[in-house]
2 protein chains.
Amino acid sequence: MFSQTVEYALRAVVHLAIHSPRPQTTSEIAAATQVPTAYLSKVLQGLREKGIVLLQRGVGGGVSLARSPQQLTILDVVSAVDPIPRITTCPLDLKAHGVRLCALHRRMDDALLHMETAFRETTLAELLEDPNPSVPLCDR
Amino acid sequence: MFSQTVEYALRAVVHLAIHSPRPQTTSEIAAATQVPTAYLSKVLQGLREKGIVLLQRGVGGGVSLARSPQQLTILDVVSAVDPIPRITTCPLDLKAHGVRLCALHRRMDDALLHMETAFRETTLAELLEDPNPSVPLCDR
DNA sequence: TGTCATGTGGATATGTGTGTCCTGTTTCAT
DNA sequence: ATGAAACAGGACACACATATCCACATGACA
């Protein structure tokens, strides 16, 4: 349902949010989030292209958030690496349906819409402030 | 988000519900739902193994619903071919999290739960009764 | 200006979902 | 019995997501 890439990207930005605004190296993030380093590198390049993170080479470089955790939502991250495929027209391309979906696809898209909305309404800052005994990415 | 297989399976059972209780051949369903015949055959075999449809060989045979459209939900079909992967334990296997998910995975699973619930509450019969000008799988 | 830390990007490997094809098996009608 | 209709199932093909490796480019700092 959610791709591995989305899962990895979310872990990475949460890690960055926790340490914001200090940049973290790809290796550090990979170790903390239990993601293969080389693959995470690709995922982060994707996030950079979409303006989610900043990548800085050289000594003292690393990865940092392009926006503050207050201004970055789960949806921003999801959309950057693996957008939610909303159903906007009839998948069977039936002329009579067009943009007015049938009951089946209407309900499927409603589910996607609800997910999209829920993700749009949650910022990274809210994730960290959540009164939850389990802290994201932390074992204590 | 939804696999092709789920989309195909849903089209097939909707077609069967429309013509219920008359059995339809795989070829008929494939033509009506615009699904590759050979692949649909595999999908239907999966649905049979999960008790969603009945398959009858020989002349006059074909595919029919194992339950009435009133007793078959979208979730039944989705679960049969590609179950919604609820997040029940911490994907990072953090000991401190265990079953108590962190804010991130809590929200991801909440989205999956909502989808599951919505699909559980809709039967095939309700899809067909929906006062929607676009009739599922029909162009008129 | 040299050196090291760090990200960049291409080539390649692997697994799985999707899709095709062909032969076999079952069932019914005649 | 025979033959046609229809599903069953294995082998194979292909695309894409995931993952790895390595040579290279870049930036900071001494």
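The sequence lines fix the lettering, A, B, ..., with proteins before strands; numbering per chain opens at 1.
Of the listed nucleotides (C:dT27, C:dT18, C:dT20), C:dT27 has the atom at the smallest distance from the side chain of B:V59.
One interatomic measurement links the two molecules: CD of B:Q4 to P of D:dC16, which rounds to 13 Å at whole-angstrom precision. Here the P atom of nucleotide C:dA11 and the OH atom of A:Y39 are 19 Å apart, to the nearest Å. A:M1 places its CE atom 17 Å from the P atom of D:dA17, with the value rounded to the nearest Å. Rounded to an integer number of Å, the gap from CD of A:E7 to P of D:dA19 is 11 Å. Summarising the geometry, the separation between CG on A:L54 and C1' on C:dT6 is reported as 15 Å, rounded to the nearest angstrom. The distance from atom CD of B:Q34 to atom P of C:dG19 is 13 Å, rounded to the nearest whole Å. Straight-line distance from the CZ atom of A:F2 to the C1' atom of D:dT18: 19 Å, rounded to whole Å.
Every residue two or more places apart in sequence or in another chain was checked for a salt bridge (charged side-chain N to carboxylate O under 4.0 Å, His left out) with A:D82, and none qualifies.
Within the 3.5 Å criterion, the main-chain N or O of A:H15 finds a donor-acceptor partner in the side chain of A:H19. Using modelled atom types, one side-chain atom of A:T117 and one backbone atom of A:L113 make a donor-acceptor pair closer than 3.5 Å.
The nearest heavy atom of DNA chain D to A:T5 and to A:G60 marks one nucleotide each, and the one closer to the 5' end goes with A:T5.
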Pairs under 3.5 angstrom, nitrogen or oxygen only, protein versus nucleotides 7-11 of chain D, please.
from	atom 1	to	atom 2	distance (Å)
D:dC7	OP1	B:T26	N	2.9
D:dC7	OP1	B:T26	OG1	3.2
D:dC7	OP2	B:T26	OG1	3.4
D:dC7	O2	B:R57	NH1	3.3
D:dA8	OP1	B:R48	NH1	2.8
D:dA8	O4'	B:R57	NH1	2.9
D:dG10	N7	B:K42	NZ	3.3
D:dG10	O6	B:K42	NZ	2.6

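The residues B:D76 and B:R67 are annotated as salt-bridged, a charged nitrogen and a carboxylate oxygen being separated by less than 4.0 angstrom.
The line from CD of B:E129 to OG1 of B:T123 is 6.5 Å long, rounded to the nearest 0.5 Å.
Taking only side-chain nitrogens and oxygens, B:Y8 comes nearer than 4.0 Å to OP1 or OP2 of C:dG19.
Aromatic ring pairs are classed by plane angle as parallel below 30°, tilted from 30° to 60° and perpendicular above 60°; the pair A:Y39 and A:Y8 is perpendicular.
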